[in-house]
Amino acid sequence: MEKTGVSVDTNELKIQTEKIQNLLQQIETEILNMLGDEFRDLNIASPKQLKELLFEKLKLTNKKKGSTDKEVLEDLIDEHPVVEKIIRHRKLSKLVNTYLVGFNKYIKNEKVHTKFNQSLTATGRLSSSDPNLQNISIRDELQRQVRKIFVTSSSEYSFMGLDYSQIELRVLAQMANEKHMIEMFNNDLDIHEEAARKIFKLSSSETVTSDMRRVAKVFNFGIAYGLSDFGLARDLKISVAEAKNLIKSYFETFSDLKNFIDQLILDAKQINFARTLSNRRRKVTQLSDPSFLIRSFGERIAVNMPIQGTAADILKIAMINIEKKLKANNLDAKMVAQIHDELILEVKKTDLKATEELVKSEMKSALRDLITTLNLNEEVKVDLKVSYSEAEN
DNA sequence: AGCCCACTCT
DNA sequence: CATGAGAGTGGGCTT
């Protein structure tokens, strides 16, 4: 993947750079005009100066000891019209500096060749640097446009993206042997909706509201991170008491999950390591620390590392098998990037269909292959699901 | 050079 | 070190 690289449309890069730079310039002028002459030397990119402006000069509400991060600013939008513009300025300057101008230094012969660091993360994931191709913007429509600068090497090729759906939650269901969750996955149900149905104790005829589904989704994501009542309350903007009740209800619903998580922490305490299904290990030293905060952090590591790490192991197995089979089948297709639960390949258009089937099949069977290759005493309980997409950039 | 803060992704 | 996990980069600022 490093050697193959990804082609860059340098003309598109130039056009987008100029466009965003103009927008940025415009907002900067608006901000300075709004504030008047006293602030003509203000550097909006300086958190220190911004803190002084917002909390000392403009006397806005200072709730998080001077922090000016997005969350704080969003709470202050109604207090002063400049706040909204500062948020926009931040977004655009990140976009232009990191994802547009920042790329130029990595382009060699119209391509970027990222590094995929293979022995760096604590869990077994890869990381990507110089440039990082695993954190290219996608959420916001304007920001996701930067993805257009990455193109195939000729019009005879397409990109193919294959994503595991809910890989970490499926891994958790597998490892915990959580019967309700396994059943939902294996019947291809909407996991957030079904979780909501159970948390809020609805009958099969009652409708899950979008609010209920949103709450369940936060749970399903947070559970692999060792979510706390405190964090959940903050996320959902509810009281800690309400959060406590929802957590209780969630674990009553998925009782095997609770047992499994407790067991992970006990195991880690005994051997001072957290480990994946395939026995990749991470030393955990915080579990007997006298500080509650540090101990809690150790517990979250003990829970998250086996889940995140097993998911990473599964994709690695898939990648090894895909590489072999693409060659064996003489397909004109190359992996170009891995983004934790997703592979991107550049594929000759005439080989698209065959490659899709091959890659999908290898990704789906990777858990089974991991178990049999390593002779693990484990059976496959949960199906893996893979979604597919195709594009010119 | 190195830390901090802010932003980006799964 | 830290009040859900794992990462990387850029600008400001201090040393």
*Hey, does the side chain of Gln286(A) come within less than 4.0 Å of dC1(C)'s phosphate (OP1/OP2), counting only N and O?*
no

*Could you state the NE2-P distance from His89(A) to dC7(B), rounded to the nearest angstrom?*
12 Å

_Any base atoms under 4.0 Å from Ser296(A), or only sugar-phosphate, or nothing? Heavy atoms, all strands._
nothing

_Base, sugar-phosphate or nothing for Ile294(A)? Non-hydrogen atoms, less than 4.0 Å._
base

*So, do Tyr250(A) and Ile223(A) sit near enough that their side-chain heavy atoms are less than 4.5 Å apart?*
yes

*asked:* Taking dT3(C) as the reference, what is the distance to dG2(B) when you measure between their C1' atoms (whole Å, please)?
replied: 27 Å

*Between Glu299(A) (CD) and dT3(C) (P), how many Å, whole number?*
15 Å

*Describe the nucleic acid contact of Gly222(A) in one word from base, sugar-phosphate, nothing, applying a heavy-atom distance below 4.0 Å.*
base

*Without swapping roles, check the side chain of Arg170(A) against the backbone of Ser165(A) for a donor-acceptor pair under 3.5 Å.*
yes

*Interatomic distance where CZ belongs to Arg139(A) and C1' belongs to dC9(B) [whole Å]*: 7 Å

*asked:* Distance check needed: dT3(C) C1' versus Arg295(A) CZ, whole Å only.
replied: 14 Å

_Sub-4.5 Å side-chain heavy-atom contact between Leu13(A) and Asn104(A)_ = yes

*Taking CG from Asp289(A) and P from dA2(C), how many angstroms apart are they, rounded to a whole number?*
13 Å

*Using a 4.0 Å heavy-atom cut-off across all strands, classify Leu232(A) as base, sugar-phosphate, or nothing.*
nothing

*asked:* Are Arg90(A) and Ile44(A) packed together at the side-chain level, in the sense that at least one heavy-atom pair is separated by less than 4.5 angstrom?
replied: no

*Within this structure, what is the CZ-to-C1' distance between Arg144(A) and dC9(B), rounded to whole angstrom?*
13 Å

*For each nucleotide in nucleotides 5-15 of chain C, reading 5' to 3', give B when a protein heavy atom comes within less than 4.0 Å of its base, S when such contact involves only the sugar-phosphate, and - otherwise.*
BBSBBSSSSS-

*Touch class at under 4.0 angstrom, heavy-atom based, for Ser67(A) against every strand present*: sugar-phosphate

*asked:* Looking at Glu183(A), I want to see if its CD is surrounded by more than 12 non-hydrogen atoms of other residues, nucleotides or ligands under 6.0 Å.
replied: no

*Flag the pair Phe103(A) / Val8(A) as yes when at least one side-chain heavy-atom distance between them is below 4.5 Å, and no otherwise.*
no

*Got more than 12 heavy atoms from elsewhere within 6.0 Å of NZ, Lys14(A)?*
no

*To the nearest Å, give me how far apart CG (Leu162(A)) and P (dT10(B)) are.*
15 Å

*Please measure how far the P atom in dG10(C) lies from the corresponding atom in dT15(C), and state the result in whole Å.*
24 Å

*Rounded distance (Å) that lies between atom P of dC7(B) and atom CG of Leu100(A)*: 18 Å

